[in-house]
Amino acid sequence: MYVDSHCHIHFPALAKRLPEVLSNMKKNSVSHALVVSISLNDIPDVLKLCEQHDNLYAAVGVHPGRKENKQPDVKTLVEYAKHPKVVAIGETGLDYHHVKGDRDWQFERFRIQIRASRECGKPLIIHAREAADDVIRVLKEEGAGTDAGGYGGIMHCFNETMPIAKAAMEMGFYISFSGVITYPNARELQHVARLIPLNRILIETDAPYLSPQSIRGKQNEPAYVSEVAAQLAKIKGVPVARIARESAQNFFRLFGLTHLLEAEKA
Ligand SMILES: [Zn+2]
Ligand SMILES: [Zn+2]
């Protein structure tokens with residue numbers, strides 16, 4: 001069984017064909033997925049979806065990519081985090097690729113969400129684009145890591161160097177690989193993936209984005225997380241079943257879903 005640690009199946013493109021998306025997951029042995037909100041506006045949609053489907057979990061937060069999205073506050077996020085299907089805060093982080101110029105609001109938005117994570121006791125979903133050094137620095141300054149009394153989390157769609165991966169793992173974060181790892185030009189990233197221990201690895205689609213090589217150009221969906229696992233298995237020289245099992249266990253352990261941890265072991 002595979003677990004997709006990051007997707008946006010509440011986006012209209014996927015939500016409008018949700019029954020098919022869910023049945024494709026089942027067909028491809030994708031047992032669970034984390035549905036990640038990107039603005040305060042879409043949190044209700046994410047929660048509704050996760051209430052309706054046992055195997056979907058929610059992350060509540062505001063993406064760093066769009067200034068026009070309303071700034072969250074700690075209290076609102078902590079309130080949402082009380083929902084039984086919410087397991088994480090995010091996605092949050094820093095994005096210098098999409099955002100040029102004034103970045104004060106981005107830092108503020110990021111710090112608010114780290115504080116919310118510390119207050120509600122739930123891990124963070126981190127988005128870092130051309131901003132990894134600052135992401136690590138702010139995570140440290142705000143005590144996001146398990147080494148600093150925080151709750152760690154996931155470096156989602158990891159596309160950085162080994163020193164960044166190391167710094168994140170030292171703070172108790174997991175490294176999540178997406179379809180990017182299947183691209184022929186992703187050699188450096190594949191090299192990094194080879195070095196990350198199996199007990200820190202997660203797999204994700206970031207659907208509807210980042211379709212793996214075999215369906216590049218088509219819409220991505222959680223079913224295709226198996227392609228990420230297959231590529232990791234090839235890179236690491238281990239059976240794909242082992243990638244599936246270890247990454248699923250990492251997911252359940254991180255989010256305290258211990259009943260699922262036992263089921264997966266059996
Ligand atoms: Zn992201
Ligand atoms: Zn995302």
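Everything quoted here is computed from the prediction, not taken from an experiment. Counting starts at 1 for both ligands and their atoms, in listed order. One-based numbering along the sequence shown. Values reported hereafter were calculated over all heavy atoms of this structure, with side chains retained and with hydrogens, waters and symmetry mates removed.
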Can a donor-acceptor pair be found, under 3.5 Å and without considering hydrogens, that links the side chain of Arg109 to the backbone of His63?
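Yes, the answer is positive, given that a donor and an acceptor are paired below the 3.5 Å cut-off.
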With the Zn ion (ligand 2) at the centre, find the angle made by OD1 from Asp206 and OE2 from Glu91, to 10°.
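Nearest ten degrees: 180°.
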To 10 degrees, how wide is the angle NE2 (His8) to the Zn ion (ligand 2) to NE2 (His6)?
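Seen from the Zn ion (ligand 2), NE2 and NE2 are separated by roughly 100°.
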Can you tell me the N, O or S atom of His127 that's nearest the Zn ion (ligand 1)?
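So the atom name we want here is ND1.
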I'd like to know if the Zn ion (ligand 1) has an N/O/S atom from Cys157 within less than 2.8 Å of it, counting both backbone and side-chain atoms.
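Here the distance criterion (N, O or S atom, under 2.8 Å) is not met by Cys157, so no.
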Pair His8, Asp206: side-chain N/O donor-acceptor within cut-off below 3.5 Å
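Yes.
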Atom pair OG (Ser39) and CG (Asn69), whose distance is rounded to the nearest 0.5 Å
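That separation rounds to 5.0 Å.
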Tell me whether the count of non-hydrogen atoms from other residues, nucleotides or ligands lying under 6.0 Å of NZ in Lys166 goes above 12.
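No, NZ of Lys166 has 12 or fewer neighbouring heavy atoms, counting only those of other groups under 6.0 Å.
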